[in-house]
Amino acid sequence: MTTSSSSSSASHNAPHSALPRIAVLATGGTIAGSAQDATSTAGYQAGVVGVGQLLAAVPALSTLANIHAEQVASIDSKDMSLALWTTLAQRVNKLLASDDIDGIVITHGTDTLEETAYLLHLTVKSAKPVVLTAAMRPSSALSADGPLNLLNAVSVAAHRAAHGQGVLVAFNNRIHSARDVVKTSTFAVDAFQSPEVGALGWVQDGRVEFQRRVVRPHTTATEFAIEATANDAWPAVEIVTSYAGVTRVMVDALVKDGVRGIVVAGTGNGSIHVSLQQGLADAVAQGIAVVRASRVGSGHVMHNGAASDDALGFVSANALNAYKARVLLMLALAAGNPARAALQDVFDLY
Ligand code: SIN
C-alpha cells in the first residue's frame, strides 16, 4: 500500500504484481468519524480519522488489491463545496488516465454522497470503475459498518464487471448506480436505496454480481467536462420547494441575486403552488432556467407539455431528485447556454 496527501507519500508494503491497483481517495464523513465511546452512533465528529487508519482496519484489503491511498479532504460532507468537487473530479480523471491505476474507491460522507456520485458519473472520462462508499456509524462504534463497506467497495472497483458501468455506490452489500441511488434513512445501515429501479447488483465475501447494466449515457459518453467549472466557473443554481402556503419570496430573492438556474422540488408529479409558479414563470422570462423535480422521493416527473411546461418555459427533471437535477443543470449551463428544448433533451437523456 502507498499513501499520500498533498504533503507526504509513503510505501507500506511490497506491491503484489498480479493484483489490481486501486486508488482509495478519502474525503472524510462518518466512515472517518470518531466518538468518545463505542456505544455512541450519533454524537461523533465526522472526518477525523485518516485514510491510513481506515485501511489498517481492513487487513483483508491486501488480498484484493494493491492500494494507493490519498487524503483528498477531511470534511463532514454536509460542507461539500463546488471547489472540492472540481478538485476531486480532476484528481479522479488524472489517476484514471494513468496505466498504474485500475480503479478508484472514494470514501465520503453519506449526506451528500448521491450528489458527488452523480457529478462524477457525468464528468469522469474513463471506463475504469469508480466506486463511492461511506458509513452510517463512526469508525469507533460497535458494529461500525465502514470497514465492510470499504472492503466491498474495493472488491467492486477491482472487478471486471464494474467497467463501463459509470460511477457506482457500494453500500450495505448492494451496488447502486450513481444516477439512481439516494439516501433514505437518517440512521439505518441500509440507508442507501435506488427507489425507482433497485440496485444494480450485490457484493458479498468478495463475490461481485451485477443483475442489470446502466443504460443511460455517463462518463466518457457525456458532453460534460469538469474543466468547464474550474476557476469558480460554476453557474449559480439553487433549489426551492413547493408546499402549502409557499410564497414567491425566495424565487424573487434568487432572481435578484443573479442565479442562472432554479430547481423546484414540487409536490407530487412536480406540481407547483400557484404563487411559486408565477414567480418561476417570471424568472424564466428573465432568462433563468427552471427545472421541475419532485419532493416525493421516488417516481419521475413527466413533461406536461402544452398544459404547463411549454407555456411557462419549464423543463421537467425526469427521475432525478432536486439535488441531482441541480448537478445536471449546473453542468449543462457550464457547458453552454442551452435553449429550453435542448435542456429538456439533456434531462431526458441523462
Ligand atoms: C457526512 O455526510 O459527512 C456525515 C454523515 C455521514 O457520513 O453519515
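Just so you know, ligand 1 is whichever comes first in the structure, and atom 1 is the first atom listed for that ligand. We number each residue from 1, following the sequence as shown. Scope of the values below: all heavy atoms of this structure, side chains included, with no hydrogens, waters or symmetry mates.
- Looking at Lys128 and Asp102, no side-chain N of the basic residue comes within less than 4.0 Å of a carboxylate O on the acidic one, giving no salt bridge.
- Taking only nitrogen or oxygen atoms, main chain and side chain alike, Lys183 does not reach within less than 3.5 Å of ligand 1.
- If you check which protein heavy atom lies closest to atom 3 (O) of ligand 1, you get Ser77 N, 2.6 Å.
- Ligand 1 has no N or O atom lying under 3.5 Å from any N or O atom of His108, backbone or side chain.
- In this structure, Ala191 falls outside the shell of residues with a heavy atom less than 4.0 angstrom from ligand 1.
- When the heavy-atom distances from atom 7 (O) of ligand 1 to Thr110, Asp79, Asp76, Thr186 are ranked, the shortest goes to Thr110.
- Salt-bridge annotation for Glu114 and Lys183: absent, with no side-chain N of the basic residue lying under 4.0 Å from a carboxylate O of the acidic one.
- For atom 5 (C) of ligand 1, the closest heavy atom belonging to the protein is Thr30 OG1, 3.1 Å.
- Looking at Arg340 and Asp309, no side-chain N of the basic residue comes within less than 4.0 Å of a carboxylate O on the acidic one, giving no salt bridge.
- Looking at Ala134 against ligand 1, nothing comes within 4.0 Å, counting heavy atoms.
- Aromatic ring centroids of Tyr118 and Tyr323 lie 6.0 Å or more apart.
- Defined by atom type and a distance below 3.5 Å, a donor-acceptor pair is present between the side-chain atoms of Ser194 and His176.
- Between Lys94 and Asp100 no salt bridge is recorded (no basic side-chain N to carboxylate O distance below 4.0 Å).
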